[in-house]
There are 2 protein chains.
Amino acid sequence: MRKTKPRQSEQCEQFEPHEEIIQTLVGKSLDEVTTQKMAEVFKVMGDPTRIAILHALKERELCVCDLSELLHMTPSAISHQLRILRHHDLVRYRKKGRSVFYHLADHHVITLFNQALDHIQEK
Amino acid sequence: MRKTKPRQSEQCEQFEPHEEIIQTLVGKSLDEVTTQKMAEVFKVMGDPTRIAILHALKERELCVCDLSELLHMTPSAISHQLRILRHHDLVRYRKKGRSVFYHLADHHVITLFNQALDHIQEK
DNA sequence: CCAAAATATGAATAATTATTCACATATTCA
DNA sequence: TGAATATGTGAATAATTATTCATATTTTGG
C-alpha cells in the first residue's frame, strides 16, 4: 500500500439511486486485511521471473541451481524470488544434501496459473 | 520488466542428472511473451485498490463516482486505476449521459478472484 | 452557447521492488 | 578439519508505480 486513503464524499450530484447503491455495497465490501492479502497473492505472481519459476515447478521439483540454469539467471536472483514465493506459501522446499528442492505448495497455485493462461489466450 | 537477463551457465557441479532435467524443461518453457502477459494480468490484480474495485463490480456495474464514494478515494485516483483495468481488458464500460458505467469483462476475472480468495482463506 | 458535472489525463512525487554484488551460512567429502 | 559447493541475505541501485494536483474533455440542461 502506498499512502493513507483520503476522504471524499458526495461525488455525484445525481444522488437519487446512488446513495442507496453505495449503502448496499458497503455491507458487502471486503475487509481491509482480506483485500490486502488478495492483492499480495496476485502481486507475488505478478512478476515474469516468478511466473517462470512457478511454471517450471508445475513439471517437477527443482533445486535453486536447476532454476538458475533454466532461466539464465544468477542463483542469488533466483533465491531472492524463491524467498518471496516461500513467504507467501506458494512454494515449499525439502533439503537434500547441499541442495534445496522447491515444489509448488498447493493446487490453488496451479489453478490460478491456468486460469490466467486461459484469460490471455482467449482473444 | 526490469533489466535484460544476464547469462550464466553450469551453476551446479553435479551435472549428472541436472543437465538432462534442464533440457527436458527447456522444451516445455513458456515463451517470453506469454510469460510477460501472465505476469501482467497478475500485476494488474496485485493492488488493493484494484482488488476493491473488482470486488465491487462483481456485484453490479458502477460509475466512477460510485466507486469513488464507496472506496473513499478521489475520482481521479479511481479513474487512473480503471484505465489500467480497462487496458488489460479486465473491465469494460458503457456510457450513459455524463456517467461512465464499468463492469467486469469476463468470467475469468471472477474465477481468478475467487481462487485467490480460496487460497488465502485456507489456513 | 454557457455553466456545471463527470470523467480522463499528464506531470510530479513518494514508495516499492527486481537484480546485482559482496559476503555469510550450511553441507559434503577428501 | 578444511576446501569446495549450494544456497541465503543485506545493502545499493535503477526502474516501476499509486496517488495527488492541476487541467482537459465530454455531456447535459437551461
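Because the structure is predicted, anything quoted here is derived from the model rather than measured.
- For B:Lys28, the salt bridge (Lys or Arg N to Asp or Glu O under 4.0 Å) partners at least two apart in sequence or on another chain are A:Glu59.
- Residue contacts for A:Tyr102: at a heavy-atom cut-off of 4.0 Å it reaches the sugar-phosphate backbone alone, with no base atom in range.
- Listed candidates were D:dA18, D:dG8, C:dA8. Nearest to the side chain of A:Val64 is D:dG8.
- Ranking C:dT20, D:dT19, D:dT7 by closeness to the A:Thr74 side chain, first place goes to C:dT20.
- Contact annotation for B:Leu67: no contact, since no heavy-atom pair falls under 4.0 Å across all strands.
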When the side chains of residues 104-111 of chain B are checked against the rest of the protein, which donor-acceptor pairs come out under 3.5 Å, sequence neighbours left out?
residue, atom, partner, partner atom, Å
B:Asp106, OD1, B:His108, N, 2.9
B:Asp106, OD1, B:Val109, N, 3.3
B:Asp106, OD2, A:His119, ND1, 3.4
B:Thr111, OG1, B:His107, O, 2.8

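- Nearest-nucleotide mapping onto DNA chain D: of A:Val100 and A:His80, the residue sitting toward the 5' end is A:Val100.
- Not counting sequence neighbours, the partners of B:Arg92 by the side-chain hydrogen bond (donor to acceptor under 3.5 Å, both in side chains) test are B:Asp89.
- Every residue two or more places apart in sequence or in another chain was checked for a salt bridge (Lys or Arg N to Asp or Glu O under 4.0 Å) with A:Arg83, and none qualifies.
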Nucleotide-resolved protein contact map, nucleotides 22-30 of chain C, B/S/- at heavy-atom distance under 4.0 Å | B----BB--
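- Sorted by first and then second residue, the ring-ring contact (aromatic ring centres under 6.0 Å, His included) pairs with a member in residues 32-52 of chain A form an empty list; sequence neighbours excluded.
- In the set C:dA18, C:dT19, D:dA18, D:dA18 carries the atom at the smallest distance from any side-chain atom of B:Arg50.
- The shortest distance between the side-chain N/O atoms of B:Ser79 and the OP1/OP2 oxygens of C:dA6 is not below 4.0 Å.
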